[in-house]
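Report on one structure; see the data block that follows.
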Protein chains: 2
Amino acid sequence: MEKAKRPPRGTRKREVPLTEAGIYAAALRLIDADGVEALTMRKLATALDANPMSLYHHVPNKDAVLRGVARMVGTQFRTVTLKDAPWQERIRLLATDFRTLAHRHPKLMAYSFSHQADFIQPEDPFWVALTAILDAAGVPHSELPLISALVGAVITGVLTAELNGALHRWSSLKPPTVGEDGFTPPDHDENRVFRLALDTIIMGLESRLAADGDGQGAGH
Amino acid sequence: MEKAKRPPRGTRKREVPLTEAGIYAAALRLIDADGVEALTMRKLATALDANPMSLYHHVPNKDAVLRGVARMVGTQFRTVTLKDAPWQERIRLLATDFRTLAHRHPKLMAYSFSHQADFIQPEDPFWVALTAILDAAGVPHSELPLISALVGAVITGVLTAELNGALHRWSSLKPPTVGEDGFTPPDHDENRVFRLALDTIIMGLESRLAADGDGQGAGH
DNA sequence: ACCTGAACACCGTTCAAGT
DNA sequence: ACCTGAACACCGTTCAAGT
């Protein structure tokens, strides 16, 4: 039987010309649908109704596509700025906004957190907001990069564990014979653990900031 | 020119017979050397001086090899148990022991943290020790899984950021014009950030435990 | 300038056949 | 029971050729 396929490229004009941004956008759609590992230069070309080799005129190779998609998403992140709210609340909002983005593109974000060390750039809204909040919280300038790195690593780390399912597996382990009517409500575990991690790191920072004025600070 | 290669399989007897454990061990060596993405069933067979297809008699497919290697390393982890030290010190020791393991097999661990949600199993020494310590610290039984998940996610998350270089990039950003003689000693950044994250999460847990006796605890 | 077909050097895995 | 060669259906990418 004849396969029903679109006419070979060239007989039908492509709606949009091939561009770098268009390639990234199409790649993101494929990644959202099927995961990073399923992305193929050939499938990507098909999705764009192009010849696989045409992509190489706009993009050097597959790795550049993945980095480009990650950069695109990392740059697009936006968060509202509550200039005069307490820093605890501002950092909570930043983290949940970032988590919302992660839930919108879970496959890409899980990949980026572990494979793209430069996924979050210093000029990105996320990083700018994070350092501004910690600065306003009273973190000494000399420790700002260190503390920002710490908070950033915790947020992306917990998100990674949530996105790949480890957080759910761990938090639902061994519901250890509670009281008498062992009724452990499922609750929305992931939400709880994320909030819990956030609250705990915030409390830790509060303790650290309360013990201020000592010479070396975070040093040891 | 003739390529100098070993005689074709069969003319020379293989030193060790092919076994599942042997396959995992060889795969780990290749991963340590060249990374997970460079591991190939064909290269693995060559390293074992076997025909590529022979592997499939001991292992169902490549994914099973990766899971097997991860399980092997996860199970082999050992830590000393300081039964009567304060929980803060015990958790610090556990984390640094785990970090040592991560440094021994960085490529595999970075991969496992993000791709193998079941890398750390409930029976694994790491998880057993972690829950035991938090239990001894006074975490209520009802919250033990949640808190353990949180601490586990933070530790693996910060390690991931360290292994892929994000931690280093972030913590060495914008050394913000300190004092007058802007002498920011390089220090060993990674060590500092890891210790800092650990200390901060510990302080957060201390705060949480100090505010005990309230009805719902972490849930709020 | 942009596109393309053919080709190269790889993959993981199936399968029928060997011992 | 264990191994193997040939083959299949893919990959990413190069390159010479087309418009």
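Predicted, not measured: the structure shown is a model, and the values here were computed from it. Atoms considered below: every heavy atom in the structure, side chains included; atoms not considered: hydrogens, waters and symmetry mates.
- One interatomic measurement links the two molecules: NZ of A:Lys62 to P of D:dT14, which rounds to 15 Å at whole-angstrom precision.
- With rounding to whole Å, A:Asn51 atom CG is found 14 Å from D:dG12 atom C1'.
- Proximity of a side-chain donor or acceptor of B:Asn164 to a complementary backbone N or O of A:Ala117 within less than 3.5 Å is not detected.
- Counting non-hydrogen atoms of other residues, nucleotides and ligands closer than 6.0 Å to CD of A:Glu89 gives a total of 12 or fewer.
- Rounded to an integer number of Å, the gap from B:Tyr56 OH to D:dG5 P is 16 Å.
- Rounded to a whole Å, the CZ atom of A:Arg42 is 14 Å from the P atom of C:dC8.
- Distances shown here put a side-chain N or O of A:His58 below 4.0 Å from the OP1 or OP2 atom of C:dC3.
- When rounded to the nearest whole Å, the span between CD of A:Glu20 and P of C:dC2 equals 13 Å.
- Put simply, CZ on A:Phe77 and CH2 on A:Trp127 are 13.0 Å apart, with the number rounded to the nearest 0.5 Å.
- In this entry the distance linking CD1 of A:Ile23 with C1' of C:dC3 reads 13 Å, nearest Å.
- Comparing D:dC2, D:dG12, D:dG5 against the side chain of B:His57 picks out D:dC2 as the nearest.
- Pairing partner, D:dC10: none, since no Watson-Crick or wobble contact has both distances short of 3.5 Å.
- The backbone N or O of B:Lys43 lies less than 3.5 Å from no partner atom in the side chain of B:Thr40, so there is not a single donor-acceptor pair.
- Closest to the side chain of B:Thr40, out of D:dT4, D:dC3, C:dC11, is C:dC11.
- B:Asp49 places its CG atom 13 Å from the C1' atom of D:dC3, with the value rounded to the nearest Å.
- Residue A:Lys43 places its side chain closer to D:dC11 than to any other of D:dG5, D:dC11, D:dC3.
- Regarding B:Met41, its CE atom lies at a distance of 7 Å from the P atom of C:dG12, rounded to whole Å.
- Of the candidates D:dG5, D:dA7, D:dC15, the closest approach to any side-chain atom of A:Met53 belongs to D:dC15.
- Regarding contacts with the backbone of C:dC2, every side-chain N or O of A:Ser54 stays at 4.0 angstrom or more from both OP1 and OP2.
- Within a 6.0 Å radius of NE2 in B:His168, no more than 12 heavy atoms belonging to other residues, nucleotides or ligands are found.
- Summarising the base pairing, D:dG5 is matched to C:dC15 through a Watson-Crick or G-U wobble pair whose two defining distances lie under 3.5 Å.
- Each of A:Leu39 and B:Leu55 lies near DNA chain D, and the nucleotide nearest B:Leu55 is the one positioned closer to the 5' end.
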